[in-house]
Amino acid sequence: MRWWKAVGLAGAAGVVATGVVIVRAERRRRAYTPDQVREQLHMRFAQATSAGAAESPAPTPQDASGIRVRIRRLFRRRPQPGRRPG
């Protein structure tokens, strides 16, 4: 068997394995009723809000001008060595 055939078979096996994982996850997701999903979401939200209250407050986001300055600085053209400006 040539090496490229082995690589092709390994790729096909990978695709099949990925499909199996996706199908399993889909079956698990569809096994819940909408009420069960809603109940779990409410519990997660309650946990997240109670944990967030115990921690320190989140830092305040920067204003848009500060972000713009950083982006400009990042993409600013730098002079190349050996070239004259102009």
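Residues: numbered from 1 along the sequence shown.
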With the 4.5 Å side-chain cut-off for hydrophobic clustering, are Val37 and Met43 part of the same group?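 They do not share one cluster, since no chain of ILVMFWY contacts under 4.5 Å joins Val37 to Met43.
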Closest non-hydrogen atom pair, Glu26 against Arg30: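 In terms of heavy atoms, the two residues are closest at OE2-NE, 2.7 Å.
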Do any N or O atoms from the side chain of Gln36 and from the backbone of Thr33 form a donor-acceptor pair under 3.5 angstrom?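 Present.
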Going by the side-chain contact (heavy atoms from CB on, under 4.5 Å) test, name the single residue among Ile22, Val16, Val20, Val15 that passes it with Thr18.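 So the option named by the test is Ile22.
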Is there a side-chain contact between Arg73 and Arg76, using heavy atoms and a 4.5 Å cut-off?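 Side-chain contact under 4.5 Å: yes.
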Could you grab the distance from atom NZ of Lys5 to atom CZ of Arg2, nearest 0.5 Å is fine?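 If we round to the nearest 0.5 Å, Lys5:NZ and Arg2:CZ are 7.0 Å apart.
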